[in-house]
Number of protein chains: 2
Amino acid sequence: MIDLAILGLLTEQELHGYELKKRLGELLSSRASVSFGSLYPALARLEAQGAVKAVEERTSVPSAPMSGSLVGELAAFRARVRESGLVKGTGRGKKVYGITEHGRERLVELLSDPDVTDDRAFTLRVAFAPHLPDAARLELFERRRTELLRRRDDLRRRESDPGRAGRTHSYLRALLERDAENLAHDLAWLDRLIEAERSADHNGADRSIPVPAPQAHLQEETP
Amino acid sequence: MIDLAILGLLTEQELHGYELKKRLGELLSSRASVSFGSLYPALARLEAQGAVKAVEERTSVPSAPMSGSLVGELAAFRARVRESGLVKGTGRGKKVYGITEHGRERLVELLSDPDVTDDRAFTLRVAFAPHLPDAARLELFERRRTELLRRRDDLRRRESDPGRAGRTHSYLRALLERDAENLAHDLAWLDRLIEAERSADHNGADRSIPVPAPQAHLQEETP
DNA sequence: ACGCGATGTATCGATTCGATGTAACGACAC
DNA sequence: GTGTCGTTACATCGAATCGATACATCGCGT
């Protein structure tokens with residue numbers, strides 16, 4: 001859900017569309033960002049719902065000395081044209097969005113919804129985890145863990161399926177192997193995260209330091 | 001692209017929509033399959049393009065003894081209603097699709113297109129790699145390798161970005177770490193795949209055995 | 001005899017993507 | 001100063017896809 005991403009980013013800072021997309025690109029690891037074709041409609045949607053609101057609209061920086069009257073005339077003409085709505089492109093004039101109280105509520109709602117098991121959504125939720133209370137955060141991690149375990153069982157069932165054995169060539173086996181390894185790796189990472197979370201909760205919990213140690217893990221097996 | 005998936009599966013065996021979806025679910029690892037909302041339109045599209053064609057349409061199994069004349073009346077009535085186009089659902093009557101010569105050409109085209117760097121697409125391509133000549137297959141793997149290296153450099157640049165240092169909390173660092181590890185892991189897997197491919201090409205190349213050894217790797221570093 | 005879950009085809013509205021258009025701005029060249 | 005190029009920025013379009021839902025039949029268990 002793109003709504004989650006927008007609200008999460010706007011909670012931390014007021015931003016305009018273009019900047020929003022850039023930040024999302026960093027968060028979601030370069031690829032797998034969102035396109036303008038979904039971002040702008042989503043912003044309009046959220047604004048209509050009252051979850052965000054336009055804060056500022058700079059049509060022209062007043063400090064810039066325009067020197068000539070002709071330039072001023074031109075700008076005024078263009079403003080009139082734009083106002084008339086006869087032209088598509090609106091040119092420069094960044095719309096800065098901010099989150100509302102309602103938007104903040106919606107964010108917590110989206111962060112906690114247990115029905116979404118999407119990978120992208122989980123990444124976003126971790127990124128915005130500081131906005132969740134400790135209990136909800138741990139619950140989120142545990143739910144993810146259950147989901148990953150479910151997938152691993154799925155995979156194992158498929159690996160030891162006598163039916164497909166015949167029409168399975170080496171490349172398919174390689175893919176299966178990759179999936180299994182990736183899954184195991186993800187589980188190990190998640191377990192480290194949970195462990196760090198637990199030990200941070202025990203004492204006073206400095207939420208800004210606990211980077212999980214890169215080698216620790218507590219992965220039980222079901223052989 | 002869903003076209004790739006459909007054509008690839010139909011090359012190996014004639015199938016109907018529902019079965020197609022099931023196979024795709026297995027191939028793309030349970031989640032990340034496709035929905036009927038894209039599958040059926042895609043099949044119609046491909047049929048219009050002449051890449052696939054409906055082979056068989058079983059409307060009713062003739063061996064089933066319907067015993068009563070009333071049942072026959074009812075079925076006839078329903079057939080009439082369906083024919084009139086006033087009703088949406090068309091009920092049972094599986095449409096089995098097969099690939100055409102044109103479809104086979106299109107498949108090779110889709111398997112080789114160098115502009116698609118999508119993860120899903122790569123997985124599908126590996127799954128259907130046996131339909132590619134040796135050279136094209138190796139090229140595909142090498143292109144993937146380049147793409148993964150590009151992403152790794154992207155990630156490293158982001159890791160050592162002094163600008164973001166301030167507003168980066170522990171969860172963001174954990175996410176970044178996860179991405180880096182996943183990427184390294186994927187690269188190692190790919191290198192094993194390439195290695196297996198190369199050694200298979202040297203001799204007679206039994207394309208059905210060479211599963212890459214789980215521990216080998218030849219990952220050069222850019223420290 | 002009957003209901004219920006699996007198998008099947010199909011469509012709808014909403015969302016998202018990818019491409020494209022428009023435009024202002026900064027910077028540098030000349 | 002005035003081209004014109006690259007970056008920033010907003011916006012929309014058509015196509016692809018999703019998730020939900022409808023409709024219909026088969027087969028099974030009870």
Side-chain angles (χ1 to χ4, degrees), chain A residues 1-6 15-22 24 28 31-46 54 57-61 63-64 66-68 70-71 74-75 77-79 81-82 85-97 115-118 120, chain B residues 1-6 15-22 24 31-47 54 57-61 63-68 71 74-75 77-79 81-82 85-97 115-118 120:
Chain A
M1 205 63 139
I2 198 176
D3 295 18
L4 171 60
I6 293 175
L15 294 166
H16 51 94
Y18 196 84
E19 185 71 19
L20 222 33
K21 180 170 156 57
K22 274 200 298 185
L24 267 182
L28 274 305
R31 82 211 177 270
S33 182
V34 294
S35 61
F36 289 121
S38 30
L39 180 59
Y40 286 116
L43 275 173
R45 206 189 315 141
L46 286 172
E57 173 138 17
R58 272 172 306 200
T59 332
S60 184
V61 186
S63 69
M66 279 293 188
S67 66
L70 189 132
V71 176
L74 187 58
F77 170 73
R78 277 181 181 148
V81 168
R82 222 177 307 138
L86 294 174
V87 153
K88 279 125 173 253
T90 48
R92 192 62 153 272
K94 51 171 102 176
K95 240 186 201 161
V96 177
Y97 289 94
D115 288 342
V116 178
T117 58
D118 189 51
R120 293 265 287 279
Chain B
M1 206 63 142
I2 197 177
D3 296 19
L4 171 60
I6 293 175
L15 294 167
H16 52 95
Y18 195 84
E19 186 70 19
L20 222 32
K21 180 167 156 57
K22 274 200 299 185
L24 268 182
R31 80 208 175 276
S33 183
V34 293
S35 60
F36 289 121
S38 29
L39 180 59
Y40 285 115
L43 275 172
R45 206 190 314 141
L46 287 173
E47 192 173 19
E57 173 138 18
R58 271 173 304 200
T59 333
S60 184
V61 185
S63 68
M66 278 295 186
S67 66
V71 177
L74 188 57
F77 170 72
R78 277 180 180 148
V81 168
R82 221 177 307 141
L86 295 174
V87 153
K88 280 119 171 254
T90 50
R92 191 63 153 273
K94 52 171 102 177
K95 243 185 197 160
V96 177
Y97 288 95
D115 288 342
V116 178
T117 58
D118 188 52
R120 293 265 287 278

Please list every donor-acceptor pair under 3.5 Å in which a side-chain atom of residues 35-45 of chain A meets a protein atom from a residue at least two apart or in another chain.
residue  : atom : partner  : partner atom : Å
Ser35(A) : OG   : Ser38(A) : OG           : 3.3
Ser38(A) : OG   : Ser35(A) : O            : 3.1
Arg45(A) : NH1  : Asp3(A)  : OD1          : 3.1

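Rounded to an integer number of Å, the gap from Tyr97(B) OH to dG8(C) P is 14 Å. Atom pair Asp118(B):CG and dT17(D):P shows a separation of 11 Å (rounding to whole Å applied). Residue Leu15(A) contributes atom CG, which lies 10 Å from atom P of dA9(D) at whole-angstrom precision. Atom NE2 in His16(A) sits roughly 17 Å away from atom P in dT7(D) (whole-Å rounding). Rounded to whole Å, atom C1' of dT9(C) lies 14 Å from atom CD of Glu19(B). Atom CD in Glu47(B) sits roughly 14 Å away from atom C1' in dA10(C) (whole-Å rounding). The CG atom of Leu20(B) sits 12 Å away from the P atom of dG8(C) (whole-angstrom rounding). Distance OH (Tyr18(B)) to P (dT7(C)): 5 Å, rounded to an integer number of Å.
OP1 or OP2 of dT9(C) has not a single side-chain nitrogen or oxygen of Lys95(B) nearer than 4.0 Å. The phosphate of dA11(D) (OP1 or OP2) has no side-chain N or O of Tyr40(A) nearer than 4.0 angstrom.
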Notebook entry, point to check: Could you walk me through whether Met1(B) and Val116(B) pass the side-chain contact (heavy atoms from CB on, under 4.5 Å) check?
Noted result: CA-CA 9 Å; Met1(B) 206 63 142; Val116(B) 178; over 6 Å; no
Margin query: Walk me through whether Val96(A) and Leu15(A) qualify under side-chain contact (heavy atoms from CB on, under 4.5 Å).
Written below: CA-CA 5 Å; Val96(A) 177; Leu15(A) 294 166; 5.9 Å; no
Next item on the list: Evaluate the criterion side-chain contact (heavy atoms from CB on, under 4.5 Å) for residue pair Leu20(A) and Leu24(A); output intermediate values, then yes/no.
Entry: CA-CA 6 Å; Leu20(A) 222 33; Leu24(A) 267 182; 5.6 Å; no
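Taken from NZ in Lys94(B) to CD in Glu19(B), the straight-line distance is 8.0 Å, to the nearest 0.5 Å.
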Sort me out a list of protein N/O and nucleotides 15-19 of chain C N/O pairs below 3.5 Å, or just none if empty.
residue : atom : partner  : partner atom : Å
dT16(C) : OP2  : Arg45(A) : NH2          : 3.4
dC17(C) : OP2  : Ser35(A) : N            : 3.4
dC17(C) : OP2  : Ser38(A) : OG           : 2.5
dC17(C) : N4   : Gly37(A) : O            : 3.3

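Rounded to 10 degrees, the angle separating the terminal helix axes of the helix from dA1(C)-dT30(D) to dC30(C)-dG1(D), each built from five base pairs, is 20°.
The backbone N or O of Val34(A) sits less than 3.5 Å from a side-chain atom of Lys21(A), completing a donor-acceptor pair.
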